Amino acid sequence: MKTIFSGIQPTAVFTLGNYLGAVKNWSEMQAENECIYSIVDMHAITVRQEPAKLRTQTMNSYALAMACGIDVERSILFVQSHNKNHAEMNWILSCSTQFGELSRMTQYKDKAQKHPDDVNAGLFTYPVLMAGDILLYQADLVPIGIDQKQHLELTRNVAERFNFRYGDFFKIPEAYIPTGGAAKIMSLQDPLKKMSKSDDNPNASVYILEPKDDIIRKFKRAVTDSGAEVRFAEDKPGVSNLMTIYSVFSGKTLDETEAEFAGKGYGDFKLAVGETVADALAPVRDEYNRLAADKDYLLSCMKTGAERAMKISEKTLKKAYKKVGFVV
Ligand code: TYM
């Protein structure tokens, strides 16, 4: 059995990108592994958040992860700030991370550019907190979309540096990234840009709790490419993105999808994608509505999740304290 760790920020309802790139795999990996998943609220505050909204959104994200199939009996699902070991490990690892390597993180550069009035130290050291998340549980595999690959590589480098300095200790984790387009679902309005929770254009991202009609409307409006053929190709990023989405939800291969829409126009295809996605997500929406209505139950699951996470991570943190020479 392998140990799996991954996290998601509670900054908005998960997008189709979050779902196809990561959360769907989180759910599937539970069958054969020991899985630990976190709603990473500590990461979220590296960008200015409205406190009341963050609190609600953290509850909602927890319920949504459950609605997407995370079984809190079998796996551990917890809120990051409920386990103070993450903050403590962050400090230990900060002292094994170089300024230069953090400066090279593309997500830091992008976010610093997007929020020039708030280039805070947390935004800069964010990948160290993430490294701590993973290393605290000695994870073997980390299911992520491609945009987090650089952070995972940094995690490996930091772990190796720590191991070199203090003796073999951290397990070196591997990224688990979906093959094909699902590793990077693109914006519906600009297929050269990643679909993101924080896109200013509401038509760019599909959020997995949106009503059926809204989902269909967004797909109908999706930017496609010149020509009229439904074909997966590098020079057709819009259609290829939609084909990836359709293929995952319908269970059909790209070739089968191409054949299904041969001779039909983009209009038919976009409608089919919208309907397929909306129908596939209907059970997630229903389950979410059921769970979100029961705050007490969610709070009790959070508490148990945090206790279980703490128990595992406490051991790693204690050992790391010993390794670096603290009196424990
Ligand atoms: P976050 O919250 O931005 O995204 C959560 C997961 O969704 C994936 N993802 C995508 N996959 C495919 N296509 C897209 N358009 C797309 N957009 C997002 C992300 O790659 C991610 O896997 N730093 C992380 C959260 C984190 C974490 C961790 C992840 C904190 N600690 C430890 C793994 C392990 C983040 O901001 O993800």
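Numbers here simply count residues along the sequence, with the first being 1. Because the structure is a prediction, the values reported are computed rather than measured. We count ligands from 1, going down the list as the structure has it; atoms in each ligand are counted the same way. The figures that follow rest on heavy atoms only: side chains count, while hydrogens, waters and symmetry mates do not.
- The contact set between ligand 1 and Ile134, taken as ligand atoms under 4.0 Å from a residue heavy atom, comprises 32 (C), 34 (C).
- Interface atoms of ligand 1 facing Gly21, defined by a heavy-atom separation under 4.0 Å, are 11 (N), 12 (C).
- Considering backbone and side-chain atoms together, Ile185 places an N or O closer than 3.5 Å to an N or O of ligand 1.
- The nearest heavy-atom contact from the protein to atom 23 (N) of ligand 1 is Tyr126 OH, 2.6 Å.
- A donor-acceptor pair under 3.5 Å is absent between the side-chain atoms of Glu314 and the main chain of Lys311, judged by distance alone.
- Under 4.0 Å from ligand 1, not a single heavy atom of Ser38 appears.
- Residue His43 approaches ligand 1 through these ligand atoms, each under 4.0 Å from one of its heavy atoms: 30 (C), 31 (N).
- The distance from ligand 1 to the heavy atoms of Ala183 drops below 4.0 Å at these ligand atoms: 11 (N), 12 (C), 13 (N).
- Met195 and Ile146 fall into different hydrophobic clusters, where Ile, Leu, Val, Met, Phe, Trp and Tyr side chains are chained together by heavy-atom contacts under 4.5 Å.
- Within the 4.5 Å cutoff, side-chain heavy atoms of Pro173 are placed close to those of Leu135.
- In this structure, Tyr176 places its OH atom where only 12 or fewer heavy-atom neighbours from other residues, nucleotides or ligands lie under 6.0 Å away.
- Residue-environment remark: NZ (Lys149) stays at or below the threshold of 12 foreign heavy atoms within 6.0 Å.
- With a 4.0 Å heavy-atom cut-off, ligand 1 is reached by the backbone of Gln9 and by its side chain too.
- Considering Gly17, Gly7, Ala131, Gly132 only, the shortest heavy-atom separation from atom 10 (C) of ligand 1 involves Gly17.
- Classified by interplanar angle (parallel below 30°, tilted 30° to 60°, perpendicular above 60°), the ring pair Phe99/Phe124 is tilted.
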Tyr108 vs His151, test: ring pair (Phe, Tyr, Trp, His ring centres under 6.0 Å). Steps then yes/no. CA-CA 10 Å; Tyr108 162 71; His151 290 162; over 10 Å; no
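- Close approach of ligand 1 to Ala182 (heavy-atom distance below 4.0 Å) involves ligand atoms 12 (C).
- Within a 6.0 Å sphere centred on CZ of Phe326, heavy atoms belonging to other residues, nucleotides or ligands number more than 12.
- Interface of Gly145 with ligand 1, defined as ligand atoms under 4.0 Å from a residue heavy atom, comprises 8 (C), 11 (N), 19 (C), 20 (O), 22 (O).
- Counting heavy atoms closer than 4.0 Å to ligand 1, residue Val142 contributes side-chain atoms (C-beta onward) but none from N, CA, C or O.
- Among all non-hydrogen protein atoms, the one lying nearest atom 6 (C) of ligand 1 is Ala22 CB, 3.7 Å.
- Counting heavy atoms under 4.0 Å from ligand 1, residue Asn18 touches it through both backbone and side chain.
- Taking a 6.0 Å sphere around NZ of Lys318, one finds it holds 12 or fewer heavy atoms contributed by other residues, nucleotides or ligands.
- Close approach to Ile8 involves these atoms of ligand 1, each under 4.0 Å from a residue heavy atom: 2 (O), 5 (C).
- Under 4.0 angstrom from ligand 1, there are no non-hydrogen atoms of Leu152.
- Taking 4.0 Å as the cut-off, Lys197 counts as a neighbour of ligand 1 on heavy-atom distance.
- For CD1 of Ile312, the number of neighbouring non-hydrogen atoms (other residues, nucleotides, ligands) closer than 6.0 Å is greater than 12.
- Any N or O atom pair closer than 3.5 Å counts here, and Ser6 shares no such pair with ligand 1.
- When all heavy atoms of Ser187 and Asp190 are compared, the pair lying nearest together is OG-N, 2.9 Å.
- Ring orientation note: the planes of Phe261 and Phe269 are nearly perpendicular, at an angle over 60° on the 30°/60° scale.
- Using cut-offs of 30° and 60° on the angle between ring planes, the pair Tyr19 and Phe249 is parallel.
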Applying ring pair (Phe, Tyr, Trp, His ring centres under 6.0 Å), run through Phe14 and Tyr207 and close with a yes or a no. CA-CA 6 Å; Phe14 308 164; Tyr207 298 92; over 10 Å; no
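- Of all protein heavy atoms, the one lying nearest to atom 31 (N) of ligand 1 is Asp133 OD2, 2.6 Å.
- Polar contact with ligand 1: absent for Ile144 (N/O pair, distance under 3.5 Å).
- Nearest protein neighbour of atom 37 (O) of ligand 1, counting heavy atoms only, is Gln148 NE2, 3.8 Å.
- Atom 19 (C) of ligand 1 has as its closest protein heavy atom Asp147 OD1, 3.3 Å.
- Taking any N or O of Lys194, backbone or side chain, none lies under 3.5 Å from an N or O belonging to ligand 1.
- Residue Met186 does not touch ligand 1, judged by heavy-atom distances below 4.0 Å.
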